[in-house]
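For reference, the structure is listed below as C-alpha cells.
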There are 2 protein chains.
Amino acid sequence: MAIFTNSERCENCRSRSFLFDLISEQDQEILDRAKQEVSFNAGEIIFKQGAMLTHVVCVTTGLAKIYFEGLDKKNLVLRLVKPSELVGGPGMFVDQRHHYSLGAVEDTRVCFIEIGLYRELVFRNKPLAHEVMARESHHRIEMYEKLVNLTQKQMPGRVAEALIYLSTQVYESLKFQCTISRQELADLTAMSKESAIRILKDLKESGVVTIDGNFVEIIDMKGLEDISQKG
Amino acid sequence: MAIFTNSERCENCRSRSFLFDLISEQDQEILDRAKQEVSFNAGEIIFKQGAMLTHVVCVTTGLAKIYFEGLDKKNLVLRLVKPSELVGGPGMFVDQRHHYSLGAVEDTRVCFIEIGLYRELVFRNKPLAHEVMARESHHRIEMYEKLVNLTQKQMPGRVAEALIYLSTQVYESLKFQCTISRQELADLTAMSKESAIRILKDLKESGVVTIDGNFVEIIDMKGLEDISQKG
DNA sequence: CGTTTACATTGACAAATATCAATGAGCCTG
DNA sequence: CAGGCTCATTGATATTTGTCAATGTAAACG
C-alpha cells in the first residue's frame with residue numbers, strides 16, 4: 001500500500017469523479033492539491049466498517065466492493081465500485097463512522113478526499129449538492145430492489161440477476177472475465193459458496209451462459225432475464 | 001377518505017413534524033396554509049408504488065407502513081411510520097415517482113405537503129436540509145441492517161428482532177397491542193404468514209413473551225435479544 | 001340468530017438451501 | 001519438484017422454510 005500523493009492532476013485523470021466537473025474552478029484547484037492517491041492490492045481493505053469516517057473515496061483504477069459485515073463473519077456485498085465512482089458513506093451525516101467496508105477486489109487505486117473538504121465542496125456548489133442527492137437516492141432505490149431480490153427470489157433468480165448486473169453494470173460486456181471470486185458472488189447473492197457454484201453449473205448446462213473458470217459469456221440474455229424475473 | 005383542509009394549525013399540532021421547527025416563521029405560515037390533512041381507514045393505501053410523487057406526507061395520527069411490492073403480490077414491509085414522522089421518498093430527486101407504497105395499518109390521518117413547496121423549504125432552510133440529510137442517512141443505515149437481518153438470520157432471529165422493533169420503536173412499551181396483522185408481521189420479516197405464527201408460538205412456549213391474540217408482552221427482553229443475535 | 005367474511009392456527013408434506021467432508025486444480029515458494 | 005496454500009467443485013446429508021389444505025375463531029351483518 002504505497003502512497004502517491006498528487007500522482008496526477010485531476011483534470012487529466014480519465015477516472016475523475018463527476019464531482020470534479022460540478023465545482024468551481026477555484027475548488028477544482030483546491031481539490032487537486034488536497035487529494036491523496038493510494039494503491040491497494042487485491043483483497044486489501046480500503047476502509048473498514050466501524051472505523052472513523054475521515055475521507056470519502058474515488059476509485060481510479062481496478063474494482064472494489066462495498067460490503068456489510070454481518071453475523072458469523074458472513075459478508076453481504078452491497079455493490080461493486082468501478083473507476084470514477086465516488087464512495088461516501090451514510091455515516092457522514094450521522095456519527096462519522098463507516099457503516100460498511102470497502103475492499104479491493106482487483107488491484108485498485110483510489111483517491112482519498114478529506115471529509116471536511118468534501119462537505120465544504122458539497123455546500124459551496126449547488127450543482128454538486130443536487131447530484132449527490134440524486135445519486136444517494138438512486139442507490140437507495142437500488143437497495144430496495146436488492147432487498148426484494150434477496151428475500152423473495154430463489155437462488156437461480158438471484159444468480160441470474162447477479163450475472164446480468166455484472167455484465168451490464170460492472171464489466172459492461174456480454175463476455176467478461178469475472179474478477180470476483182465464487183465466494184464474493186455468493187456474498188453478492190446471499191447464499192453459500194457451494195450453492196452459487198451449483199447454480200452457475202445449472203445455468204451453464206441449460207445453455208444460457210458459458211463458464212470456463214473466470215471467463216463468463218452470456219449466450220441467451222433473454223433466457224437469463226426470464227430466470228431472473230421468475231424468481 | 002374525507003379531506004379536512006387546515007383542520008388545525010400546525011403550531012398547535014402535537015404530531016407536527018420536526019420539519020416545522022426548522023424553518024423560518026414566514027415559511028411556517030406558508031406551510032400552515034398549504035398543508036392538506038386527509039384521513040384514511042385501516043387498510044387503505046395512502047400512496048402507491050409507481051405513482052407520481054406529488055406530495056410528501058406527515059403522519060399525524062394512527063400507524064402506517066412503508067412497503068415494497070415485490071414478486072407474486074408479495075409485499076415487504078420496510079418500516080412502520082408513527083405520528084409526527086415525515087415520509088418523503090427517494091424518487092423525489094430521481095424520477096418523481098414513488099418507489100414504495102404507504103398504507104394505513106390503523107385508521108390514520110396524514111398531512112400532504114406539495115413537493116415543490118417541500119423542496120423550496122429544504123433549500124431555503126439550511127437546518128432543515130441538514131436534518132433531512134441526517135434522517136435519510138439514518139434510514140439508509142437501518143436498511144443495511146435490515147438487509148443483513150433478513151438474509152443472514154433464520155426465522156426465530158428475525159421474529160425476535162421484529163418484536164423488539166415493535167416494542168422499542170413502534171409501540172414504545174414492553175406490553176402492547178399489536179395492531180399489525182400476522183400477515184404484516186410476516187411481510188416485515190420476509191417469511192410466510194404460517195411460519196411467523198409458528199415462531200410466535202415457539203417464543204411464547206419458551207417463555208420469553210406472552211401472546212394473546214393481538215396482545216403481546218415481552219417477558220424476557222434479554223432472552224429475546226439473545227435469540228435475535230444468534231440469528 | 002345463522003351466515004358471511006376475514007384472519008388465525010395447525011398438521012402433513014414438499015421444496016429449497018445450508019453444511020460437511022472429500023477431492024481437484026492452479027499457483028507460489030523454498 | 002515437493003509441499004503447501006487458496007480457491008473451486010462435487011456428493012451426501014440434514015436443516016430450514018414454504019405450500020397446501022383443513023379447521024378454528026371472532027367480529028360484522030342481514
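Here the structure is a predicted model, which means the values were calculated and not measured. Below, read A as the first sequence line, B as the second, and so on, with proteins coming before strands; counting in each chain starts at 1.
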If I take atom NZ in residue A:Lys193 and atom C1' in nucleotide D:dT10, what distance separates them, rounded to the nearest angstrom?
12 Å
4.5 Å side-chain heavy-atom contact, B:Ser84 and B:Val59
no
Pick out which of A:Thr189, A:Ile180, A:Asp187, A:Val105 makes a side-chain contact (heavy atoms from CB on, under 4.5 Å) with A:Val77.
A:Asp187
Has the side chain of B:Arg198 got a donor or acceptor that lies under 3.5 Å from a partner of the other kind on the base of D:dT19?
yes
Salt bridge check, A:Asp202 against A:Arg198: does any charged N sit closer than 4.0 Å to a carboxylate O?
no
Measure the distance from CG on A:Asp202 to P on D:dT10 and round it to the nearest whole Å.
10 Å
Mind calculating the distance between CG (A:Asp187) and P (D:dA8) to the nearest angstrom?
11 Å
Could you check whether any side-chain heavy atom of B:Thr151 comes within less than 4.5 Å of a side-chain heavy atom of A:Phe68, counting everything from C-beta outward?
no
So, A:Lys204 side chain and A:Ile211 main chain: donor-acceptor pair closer than 3.5 Å or not?
yes
Check B:Arg182 with B:Glu194, please: is the shortest side-chain N to carboxylate O separation under 4.0 Å?
no
Reading DNA chain C from 5' to 3', where do the contacts with chain B start and stop? Cut-off is 4.0 Å to heavy atoms.
C:dA8 to C:dA12
Under the salt bridge (Lys or Arg N to Asp or Glu O under 4.0 Å) criterion, do B:Lys65 and B:Glu184 qualify, and how do the steps go?
CA-CA 9 Å; B:Lys65 60 178 173 181; B:Glu184 285 165 331; 2.9 Å; yes
Pull out every residue in residues 62-73 of chain A that has a heavy atom closer than 4.0 Å to any atom of DNA chain C, ordered by number, or say none.
none
Ignoring hydrogens and angles, state whether a donor on the side chain of B:Glu37 or B:Thr60 is under 3.5 Å from an acceptor on the partner side chain.
yes
For A:Tyr171, ring pair (Phe, Tyr, Trp, His ring centres under 6.0 Å) partners two or more places apart
A:Phe176
Spacing of A:Lys204 atom NZ relative to D:dA8 atom C1', expressed in whole Å:
12 Å
Under 4.0 Å, heavy atoms only, any strand: does B:Ser192 hit a base, just the sugar-phosphate, or nothing?
base
Side chain A:Gln183 and base D:dC7 donor-acceptor under 3.5 Å:
no
Student check: side-chain heavy atoms of A:Ile115 and A:Leu53 closer than 4.5 Å
yes
Evaluate B:Tyr100 against A:Tyr144 for ring pair (Phe, Tyr, Trp, His ring centres under 6.0 Å), listing each step before the verdict.
CA-CA 9 Å; B:Tyr100 46 64; A:Tyr144 296 138; 5.5 Å; yes
Separation of D:dA8 P from A:Leu185 CG (nearest whole Å)
10 Å
Counting side-chain heavy atoms from CB outward, which of D:dT19, D:dA8, D:dT17 is closest to B:Glu194?
D:dT19
Please report the C-alpha distance between B:Asn149 and B:Glu161 in whole Å, then the side-chain angles of each, then the deciding distance to 0.1 Å, and finally whether the side chain to side chain donor-acceptor pair (under 3.5 Å) criterion is met.
CA-CA 8 Å; B:Asn149 283 332; B:Glu161 171 95 13; 2.9 Å; yes
Enumerate the residues from residues 205-219 of chain A whose closest heavy atom to DNA chain D is under 4.0 Å, giving them by residue number; use none for an empty result.
none
Could you check how far CD1 of A:Ile180 sits from C1' of D:dC7, rounded to whole Å?
14 Å
Can you confirm if the NZ or CZ of B:Arg135 lies within 45° of the ring axis of B:Phe18 and under 6.0 Å from the centre of its six-membered ring?
yes
Are B:Pro90 and A:Glu136 close enough that some pair of their side-chain heavy atoms sits under 4.5 Å apart?
no
Could you identify which residues of residues 101-108 of chain B place a heavy atom less than 4.0 Å from some atom of DNA chain C, listed by residue number, or say none?
none
Can B:Ser101 and B:Glu69 be said to form a side chain to side chain donor-acceptor pair (under 3.5 Å), step by step?
CA-CA 7 Å; B:Ser101 296; B:Glu69 309 189 29; 2.7 Å; yes
Kindly say if A:Lys201 contacts the phosphate of D:dT10, meaning a side-chain N or O under 4.0 Å from OP1 or OP2.
yes
Between A:Glu172 and A:Lys82, does any NZ, NE, NH1 or NH2 come within less than 4.0 Å of an OD or OE carboxylate oxygen?
yes
For the helix from C:dC1-D:dG30 to C:dG30-D:dC1, figure out the bend between the end axes, five pairs an end, and round to 10 degrees.
20°
Grab the CD-C1' distance between A:Gln154 and D:dT16 for me, whole Å please.
13 Å
Look only at the side chain of B:Ser195 and the backbone of B:Met191, and say whether a donor-acceptor pair between them is shorter than 3.5 Å.
no
